[in-house]
Amino acid sequence: MTRSAIERYCATHGGDRATAEAEIRSLLENLIATGTHQRVEGGAWRLPAREGVALLLSADANRVLGYSTVHRDRTYAQVKAGVPSRSRSGHRRDKGWVLALQDDLPVRFTTLVLRRFARDVLGTEFTRSTGKEVVEAAYSRSTHVQPGPPSNHVGRRRATDESGLRWHFAYEPGERPAVIHLSWEPGCGPQAAAQDGGS
């Protein structure tokens, strides 16, 4: 099992590495028996489940390369056990329209990234009325810095644009690259401008 798969699980659900590894092994056993097996770019195997989780295995199926889920607040075992989601229903509605704005793009952005980009770069809020404009601007700017995927097509890369905005990209075989976080280099961005104006 790769470190990136364990770290992704811990980042999503919390807990320690030993728990994450045990949960992933249990999930793998379930998916081998009941899941669909799909070949993806580079020969790796993707094992998705109806419950909204998936594992990525190496081409020889000897290593778990990645873990993904649509359930940030519940593990696979909790979903199977019927534990209710703690997410607000409004958040799920928002997610649908945010994803729809990005259907035709070769990269996707999380809602938090789009909100931060709108606020810090465009000086507006990310709403249904500004959504299309924000997504187009974020996509246009991200294309100038998007790094190539890691050699095994799994992992994260970071690139900084000319204004000091750091773009954090996540890669998984068979999935579009995703911008999962934005941050600023020290001395750049709205906080730096506010400090300059206040001195």
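Everything numeric here is computed off the predicted structure, so don't read it as measured data.
Neither L112 nor L101 shares a network with the other; the hydrophobic side chains, linked directly or stepwise wherever heavy atoms of I, L, V, M, F, W or Y lie under 4.5 Å apart, form separate groups for each.
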- prompt: Given the rule in the side chain to side chain contact (heavy atoms under 4.5 Å, CB included) test, do M1 and R17 qualify, once you have shown the distances and angles that lead to the verdict?
  reply: CA-CA 11 Å; M1 192 168 307; R17 294 175 59 86; over 6 Å; no
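The two residues L182 and R116 come nearest to each other via the heavy atoms O-NH1, 3.0 Å. Across every non-hydrogen atom of H37 and L31, the tightest pair is NE2-O, 3.4 Å. Contact record, V113 with H181: CG2-N, 3.4 Å, taken as the closest heavy-atom pair.
Here the side chains of R39 and W45 are in contact, with some heavy-atom distance below 4.5 Å. Between V121 and L165 the shortest side-chain heavy-atom distance falls below 4.5 Å.
Note: W167 and F117 have tilted aromatic rings, judged against thresholds of 30 and 60 degrees for the angle between ring planes. Using a 30° and 60° split on the angle between ring planes, Y67 and H13 fall in the perpendicular class, above 60°.
Taking the six-membered ring wherever Trp is involved, the centroid distance between the rings of F126 and W97 falls below 6.0 Å.
Looking at E29 and R25, no side-chain N of the basic residue comes within less than 4.0 Å of a carboxylate O on the acidic one, giving no salt bridge.
With V98 as the partner, the side chain to side chain contact (heavy atoms under 4.5 Å, CB included) test is satisfied by one option alone out of V134, L114, V135, T110: L114.
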